[in-house]
Amino acid sequence: MNNKDTFFHKLIMKLPNYLEKIVAAILLIGVMYGGFHLVLDAFSFTNSAADIDALEYIEKLLASAFSVIIVIEFERMLVKHSMNTIIEVLIFAIARGLVAGHEEAIYVLIRVLAIAVLLFCRKYLFKEFDFEEEQ
């Protein structure tokens with residue numbers, strides 16, 4: 001009975017890691033698809049120039065690029081379990097709103113302060129083991 005309990009205990013402990021890897025693989029497929037469409041969008045400006053102006057085109061391209069980058073960082077966070085990757089995902093997500101969004105000045109200030117707090121935490125509150133990957 002004890003061997004059976006330890007087998008199920010080990011299975012339960014390892015199962016979330018396997019599920020995270022499966023989700024990361026699915027996200028990787030989505031990132032490749034999104035990256036492919038990002039490249040197509042980047043070179044399709046001449047086709048869509050009559051529909052939208054250059055500023056809207058660049059904003060759409062930036063929003064798509066940041067979405068792909070955020071998913072890549074999120075996938076890295078699933079694979080590498082470190083505090084550093086979590087902070088990087090949060091920074092990219094907040095920065096996407098700064099670059100691709102059109103918000104009031106107070107919301108821009110809040111986003112900038114949030115990035116500053118995350119960078120402060122990363123610089124002064126993390127220890128060496130926070131930058132290492134968990135096993």
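In this text, all values refer to a predicted model and were calculated from it rather than measured experimentally.
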**Request:** Just do the side chain to side chain contact (heavy atoms under 4.5 Å, CB included) check on Leu28 and Val71 with the steps written out, would you?
**Result:** CA-CA 8 Å; Leu28 184 61; Val71 173; over 6 Å; no
**Any residue meeting ring pair (Phe, Tyr, Trp, His ring centres under 6.0 Å) with Phe36, in chain and number order, not counting sequence neighbours** = none
Hphob cluster co-occupancy, [X] + [Y], side-chain heavy atoms under 4.5 angstrom:
X	Y	value
Ile69	Tyr33	no
Val23	Val89	yes
Val117	Ile110	no

When rounded to the nearest 0.5 angstrom, what is the spacing between [atom1] in [X] and [atom2] in [Y]?
X	Y	atom1	atom2	answer
Glu88	Leu90	CD	CG	10.5 Å
Leu113	Leu118	CG	CG	11.0 Å
Leu38	Leu61	CG	CG	5.5 Å
His9	Leu11	NE2	CG	11.0 Å

**Apart from Phe120 itself, residues in the same hydrophobic cluster as defined by side-chain heavy atoms under 4.5 Å** = Tyr124
**Asked** Got a sec, which residues hit salt bridge (charged side-chain N to carboxylate O under 4.0 Å, His left out) with Glu73, two or more places apart in sequence or on another chain?
**Response** Arg76
**Request:** Applying salt bridge (charged side-chain N to carboxylate O under 4.0 Å, His left out), name anything that partners Arg111, two or more places apart in sequence or on another chain.
**Result:** Glu103
Heavy-atom closest contact ([X] atom, [Y] atom, distance):
X	Y	result
Ile94	Ala114	CD1-CB, 3.9 Å
Ala93	Ile70	CA-CD1, 3.6 Å
Glu75	Ala24	OE2-O, 3.4 Å
Leu119	Ile91	CD2-CD1, 3.6 Å

**Request:** Provide the full list of salt bridge (charged side-chain N to carboxylate O under 4.0 Å, His left out) pairs with a residue in residues 15-29, sequence neighbours left out, each pair given once.
**Result:** none
**Prompt:** Which ring pair (Phe, Tyr, Trp, His ring centres under 6.0 Å) pairs, counting each pair once, include a residue from residues 59-78, with sequence neighbours left out?
**Reply:** none
**Message:** The test is side chain to side chain contact (heavy atoms under 4.5 Å, CB included); show your working for Phe126 and Ile87 and say whether it passes.
**Reply:** CA-CA 11 Å; Phe126 282 12; Ile87 296 296; 3.4 Å; yes
**Prompt:** Do Ile72 and Leu27 come close enough that some side-chain heavy atom pair is under 4.5 Å?
**Reply:** no
